Peer 1: 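My questions will all concern the structure given below.
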Number of protein chains: 2
Amino acid sequence: MGSSRPTLRKRIDDRASISREMVGEAEAIFHGHLKRVGLKLTGQRDAILRTFLDTRDHLSTDELYRLVKKHDERIGFTTVYRTLKLLAECGLASEVAFNDGVTRYEHKYNRRNHHHMVCTECGSSVEFFSRDIERIEQEVGRKNKYLPTRHTFQIYGVCERCQKKQKRSLA
Amino acid sequence: MGSSRPTLRKRIDDRASISREMVGEAEAIFHGHLKRVGLKLTGQRDAILRTFLDTRDHLSTDELYRLVKKHDERIGFTTVYRTLKLLAECGLASEVAFNDGVTRYEHKYNRRNHHHMVCTECGSSVEFFSRDIERIEQEVGRKNKYLPTRHTFQIYGVCERCQKKQKRSLA
DNA sequence: TTTGCTGCAAAATGTTTGCACGACC
DNA sequence: GGTCGTGCAAACATTTTGCAGCAAA
């Protein structure tokens, strides 16, 4: 979609929570999806969507559940779990696997395709963008006669902070 | 490490089981590792290593356990589980996450760095090689002051066979 | 009013650990 | 002979499902 270099836009793309208009658009997408598949719009589902959009990326189901609960004590884990699946279905959320044993979700709405580099010491992560990855996905698919639909790419390593920490503990 | 185009070598690299000499080398590596960290060489550990080397890639702990059991009924799941960890420690095995909820392992010994494209319909996978990925790992690490140690890269899609199956069921 | 939603509790799944007995060095 | 390995069983962590009461359309 967007083609020019990211400048100001990047500020928005890199932020976890998104602007008010975007929340509105996301809600519209979600509501449309619910109607399309014959599901109902409920207070819980709305609350979960809002909390999800309003928060940093890479939430596990349990983490989102705890956040949602702060706003409404009476929302259960199961509902958060199932709502996340719905959000993934309509493209508002996507799973990211950091291979730490839990499934995480991040917003997908209006964000450039990006990847993650994860610190294996402290779990922090930074995002990066790479056109090459998309190109490789297409190329490899073509060569092997696969119809590629998605990919995962994560780099694991040690962040600057933890490198320093390690050096200090050696000294 | 190999730099020229893979020709005959590819036949070996792409096969799941490895040659007899390689098994010997792998055993030497394993035995060396055991000695180094003060662990004992046992019949079970040897049997598990052999079965692992002799079998196709991408085994879950449970799958390897079932295979090992065919040769020796009395080897337990726990031992397989722990031995796989040992093999990963000394570099003979590495975890691959296909995001299907189970941790899988593949041989790492004497194989080129490679990646997987996985069919989301039937679970089959093909391997591919890409220099770009290694380059990107280094670049991104440098830019973000991370010390990169490893990465995961999988492409998901639909294989030719399953594409045809889908077309047929539509007709 | 009907249909689907909610949330509890329990099942299912996969991974990891404690411990008593037995095997290796 | 002592130490570590083994395998059972049980603990754990996470995801998923059945069901009775409740709420949206």
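None of the values given here were measured: they were computed from a predicted structure.
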Peer 1: Mind checking A/T103 for me? I need base, sugar-phosphate or nothing, with any heavy atom below 4.0 Å counting as a touch.
Peer 2: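 Since only primed, P, OP1 and OP2 atoms lie under 4.0 Å of A/T103, the category is sugar-phosphate.
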Peer 1: Could you check how far CG of B/L64 sits from C1' of C/dT15, rounded to whole Å?
Peer 2: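 Rounded to the whole Å, the gap is 15 Å.
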Peer 1: In terms of side-chain geometry, is the basic nitrogen of B/R104 or B/E63 positioned less than 4.0 Å from the acidic oxygen of its partner?
Peer 2: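 The answer is yes: the pair qualifies as a salt bridge.
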Peer 1: Looking only at side-chain atoms of A/T79, point me to the closest of C/dC25, C/dG7, C/dT16.
Peer 2: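 Nearest to the side-chain atoms of A/T79, counting from C-beta on, is C/dG7.
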Peer 1: Under a 3.5 Å cutoff, is there a donor and acceptor pairing between the side chains of B/H115 and B/H151?
Peer 2: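 A donor-acceptor contact under 3.5 Å links the two side chains.
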Peer 1: Under a 4.0 Å threshold between the charged nitrogen and the carboxylate oxygen, would B/R50 count as salt-bridged to B/E27?
Peer 2: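 Here B/E27 pairs with B/R50 in a salt bridge, since their nearest N and O are under 4.0 Å apart.
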Peer 1: Remember a base hit wins even if backbone is also touched, and classify B/G101 as base, sugar-phosphate or nothing at under 4.0 Å, heavy atoms.
Peer 2: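 Counting heavy atoms under 4.0 Å across all strands, the contact made by B/G101 is with sugar-phosphate only.
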Peer 1: So what does B/K85 hit on the nucleic acid, given a heavy-atom distance under 4.0 Å: a base, only sugar-phosphate, or nothing?
Peer 2: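 Sugar-phosphate only.
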Peer 1: Would you call the rings of A/F77 and A/Y81 parallel, tilted or perpendicular, taking 30° and 60° as the class edges?
Peer 2: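 Plane angle under 30°, so parallel.
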Peer 1: Could you state the CG-P distance from B/D62 to C/dT15, rounded to the nearest angstrom?
Peer 2: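 Spelled out: CG on B/D62 to P on C/dT15 is 9 Å.
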Peer 1: Just the rounded figure in Å: distance from C1' of C/dG14 to CZ of B/F98.
Peer 2: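 After rounding, the reported distance stands at 18 Å.
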Peer 1: Separation of A/L84 atom CG from C/dT6 atom C1', in whole Å?
Peer 2: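 Going from A/L84 (CG) to C/dT6 (C1'), I get 16 Å.
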Peer 1: Report the residue (B/L39 or B/Y65) whose heavy-atom-nearest nucleotide on DNA chain D is the more 5′ of the two.
Peer 2: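 So the residue in question is B/L39.
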Peer 1: Let me know, please, whether B/R104 or A/R82 comes out on the 5' side of the other along DNA chain C by nearest nucleotide.
Peer 2: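 Checking each residue's closest nucleotide, the 5'-ward one belongs to A/R82.
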Peer 1: Would you classify A/T78 as touching base, sugar-phosphate or nothing, given that sugar-phosphate means primed atoms plus P, OP1 and OP2, and contacts are heavy atoms under 4.0 Å?
Peer 2: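 Base, at least one base heavy atom under 4.0 Å.
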Peer 1: So does A/R135 pair up with A/E139, basic N to acidic O under 4.0 Å?
Peer 2: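 Between A/E139 and A/R135 there is a salt bridge, with a charged N closer than 4.0 Å to a carboxylate O.
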Peer 1: Along DNA chain D, 5' to 3', what are the outermost nucleotides having an atom less than 4.0 Å from a heavy atom of chain B?
Peer 2: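 Range of nucleotides within reach of chain B: D/dG2 to D/dA9.
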Peer 1: Look at the side chain of B/D72 and the backbone N and O of B/R74, then say whether any donor-acceptor pair between them is shorter than 3.5 Å.
Peer 2: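 Pair found, side chain donor or acceptor close to backbone of B/R74.
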Peer 1: Tell me whether the OP1 or OP2 atom of C/dA23 has a side-chain N or O from B/Q44 closer than 4.0 Å.
Peer 2: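 Looking at the OP1 and OP2 atoms of C/dA23, neither is under 4.0 Å from any side-chain N or O of B/Q44.
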Peer 1: Which nucleotide sits closest to the side chain of A/K40: C/dC5, C/dC24, C/dT6?
Peer 2: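 Looking only at heavy atoms from C-beta outward on A/K40, the closest nucleotide is C/dC5.
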Peer 1: Quick check on DNA chain D: between B/F77 and A/V102, whose nearest nucleotide comes earlier from the 5' end?
Peer 2: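 Final value for this comparison: B/F77.
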Peer 1: OP1, OP2 of C/dT6 versus side-chain N and O of A/R45: anything below 4.0 Å?
Peer 2: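 Affirmative; the distance criterion is met.
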Peer 1: Across the strands shown, which category fits A/S60 at heavy-atom distances under 4.0 angstrom: base, sugar-phosphate, nothing?
Peer 2: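 Touches nothing.
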Peer 1: Do B/R45 side-chain atoms and B/K40 backbone N/O form a donor-acceptor pair below 3.5 Å?
Peer 2: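 Yes, the answer is positive, given that a donor and an acceptor are paired below the 3.5 Å cut-off.
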